[in-house]
Amino acid sequence: MQADIIVVAAGKGERMGRELPKPFLPVGGIPLLIHTLRAITQSTLVATITLVVAPEREELCRDLLRLHGQFRVPLAVVHGGAERQDSVRLGLAALGPTSEIVAIHDAARPFLDREILDRSIETAAIHGGALVAVPARDTIKRVGEEGTVVETIPRQQLWLAQTPQTFRVSLIREAHAQALAEGVVVTDDAALLERLGKVVKIVQGSYRNFKITTPEDLRVAEALLRAG
Ligand code: C5P
């Protein structure tokens with residue numbers, strides 16, 4: 001069984017405070033996006049890649065792929081939308097008609113292990129939905145508007161959602177269509193299945209698979225790359 005991968009790279013990356021969005025920023029001299037694509041193509045379960053980019057970055061993206069992109073799987077570039085959820089929906093619409101399993105991954109997570117991606121694909125094939133996540137290491141508080149703690153949430157039940165999030169294509173397409181029709185906007189795809197009462201199984205991820213968001217994250221990524 002193989003899966004198609006959607007890599008979302010159409011964000012503006014405003015928290016990074018740089019002109020270029022984060023997938024295009026260099027880490028160890030190579031754009032973040034290229035690191036991510038290389039990590040994904042380590043897996044033999046990956047059939048195709050659909051790369052979702054902002055229309056104004058398509059040319060830059062194609063230049064980078066020409067320069068760095070020797071990937072063993074077919075790669076299509078499509079345009080994203082205003083919100084991450086729009087970008088994913090547009091990526092889903094671009095999948096081939098025979099696609100059965102799709103893994104959705106943030107371009108801003110370059111440290112994805114092949115083994116975790118494979119487990120998420122295998123889990124989605126069995127259960128319909130698979131979410132890569134890690135247990136919360138810190139205690140998490142709910143805080144009110146005045147900056148006062150409202151409650152402490154038992155940590156044993158808390159997991160931090162990462163990507164890939166992997167699904168049966170029919171299920172995630174239906175979940176996105178319903179969300180669009182009802183005007184629901186969420187920050188990850190698994191939440192769209194959850195609201196339909198569908199099963200989403202946890203696949204334990206790794207803390208290395210963090211999302212590069214701030215300038216400090218970029219420095220951590222550089223250090224991790226140097227350390228191998
Ligand atoms: O903004 P955030 O860090 O949540 O973005 C996660 C991933 O989603 C990034 O790789 C970003 O490029 C992508 N994204 C997108 N389209 C958007 C917003 C975010 O493809 N409109």
Side-chain angles (χ1 to χ4, degrees), residues 4-27 30-41 46 48-65 68-69 71 75-95 102-112 116-117 120 131-134 159-167 172-173 175-176 179-180 183-192 205-221 224:
D4 299 303
I5 313 292
I6 293 174
V7 177
V8 282
K12 295 202 167 49
E14 279 155 352
R15 282 168 290 184
M16 192 62 82
R18 299 271 285 270
E19 215 244 303
L20 272 183
K22 54 196 172 186
F24 300 97
L25 296 177
V27 179
I30 294 172
L32 195 54
L33 173 63
I34 299 295
H35 288 288
T36 304
L37 293 173
R38 287 182 181 167
I40 287 170
T41 50
V46 173
T48 69
I49 297 176
T50 299
L51 179 57
V52 187
V53 297
E56 65 273 21
R57 303 292 174 201
E58 179 178 350
E59 207 181 315
L60 169 63
C61 179
R62 291 197 186 277
D63 285 348
L64 293 178
L65 290 173
H68 300 283
F71 305 115
L75 189 151
V77 178
V78 304
H79 291 170
E83 302 292 334
R84 183 185 182 281
Q85 189 172 320
D86 301 316
S87 297
V88 173
R89 192 181 60 252
L90 292 162
L92 287 170
L95 294 180
V102 61
I104 299 161
H105 187 60
D106 292 332
R109 295 184 192 269
F111 297 109
L112 171 62
I116 292 171
L117 172 58
S120 93
L131 166 67
V132 172
V134 287
W159 289 67
L160 308 177
Q162 302 182 337
T163 68
Q165 302 193 359
T166 308
F167 309 96
I172 190 67
R173 275 197 177 135
H176 268 272
L180 184 65
V184 171
V185 180
V186 293
T187 51
D188 76 339
D189 300 285
L192 296 180
S206 97
Y207 294 95
R208 269 172 69 91
N209 182 32
F210 66 103
K211 184 172 66 178
I212 293 179
T213 306
T214 62
E216 186 188 17
D217 294 337
L218 264 185
R219 289 193 287 275
V220 172
L224 279 173

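If you're wondering where the values come from, they're calculated on a predicted model, not measured in any experiment. Each ligand, and each atom within it, is numbered from 1 in the order the structure gives.
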Tell me which protein heavy atom sits closest to atom 20 (O) of ligand 1, plus the residue, atom name and distance to 0.1 Å. Ala10 N, 2.8 Å

Please determine whether any non-hydrogen atom of Lys22 lies less than 4.0 Å from an atom of ligand 1. yes

Option among Thr187, Asp106, Asp188 that satisfies the side-chain hydrogen bond (donor to acceptor under 3.5 Å, both in side chains) test with Arg84: Asp106

Looking at Glu56, I'd like to know if its CD atom is crowded, meaning that more than 12 non-hydrogen atoms belonging to other residues, nucleotides or ligands lie closer than 6.0 Å. yes

If you compare Leu32, Thr187, Thr213, Asp106 by their heavy atoms, the one closest to atom 6 (C) of ligand 1 turns out to be Asp106

Students should be able to answer this: which protein heavy-atom is nearest to atom 1 (O) of ligand 1, and at what distance? Arg15 NH2, 3.4 Å

For Gln165, the option from Leu131, Leu192, Ile6 that meets side-chain contact (heavy atoms from CB on, under 4.5 Å): Leu131

Answer yes or no: does an N/O atom from Val52 fall short of 3.5 Å to an N/O atom of ligand 1? no

If you apply the rule side chain to side chain contact (heavy atoms under 4.5 Å, CB included), what do you find for Gln162 with Phe210, and how did you get there? CA-CA 7 Å; Gln162 302 182 337; Phe210 66 103; 5.7 Å; no

Verify side chain to side chain contact (heavy atoms under 4.5 Å, CB included) between Val132 and Asn209, making sure each step is shown before the conclusion. CA-CA 10 Å; Val132 172; Asn209 182 32; 4.2 Å; yes

Would you mind checking which non-hydrogen protein atom is closest to atom 11 (C) of ligand 1, with the distance to 0.1 Å? Gly11 N, 3.6 Å

Heavy-atom check, side chain of Leu20 versus side chain of Leu25, under 4.5 Å: yes

Can you list the ligand 1 atoms lying under 4.0 Å from a non-hydrogen atom of Ala9? 12 (O), 20 (O)

Ignoring angles and geometry beyond distance, decide whether Gly81 reaches within less than 3.5 Å of ligand 1 through its nitrogen or oxygen atoms. yes

Residue-level breakdown please: for Ala82 versus ligand 1, do any non-hydrogen atoms fall below 4.0 Å on the side chain, on the backbone, on both, or on neither? backbone

What closest approach, in Å, do Thr166 and Ser120 show between heavy atoms, and which atom pair accounts for it? OG1-OG, 2.7 Å

Which residue holds the protein heavy atom closest to atom 9 (C) of ligand 1, what is that atom called, and what is the gap in Å? Val8 O, 3.7 Å

Could you tell me which atoms of ligand 1, counted from 1 in the order shown, lie closer than 4.0 angstrom to a heavy atom of Ser87? 15 (C), 16 (N), 17 (C), 20 (O), 21 (N)

Ligand 1 atoms nearer than 4.0 angstrom to some heavy atom of Glu83 are 17 (C), 21 (N)

Using the rule given for side chain to side chain contact (heavy atoms under 4.5 Å, CB included), can you reason through Ile104 versus Thr163, listing the C-alpha separation, both sets of side-chain angles and the distance that settles it, and then say yes or no? CA-CA 7 Å; Ile104 299 161; Thr163 68; 5.8 Å; no

Counting only heavy atoms closer than 4.0 Å, does ligand 1 sit against the backbone of Lys12, its side chain, both, or neither? neither

Which residue in the set Val77, Asp4, Leu37 passes side-chain contact (heavy atoms from CB on, under 4.5 Å) when paired with Ile49? Leu37

Element-labelled atoms of ligand 1 that are located less than 4.0 Å from some non-hydrogen atom of Lys211: 2 (P), 3 (O), 4 (O), 6 (C)

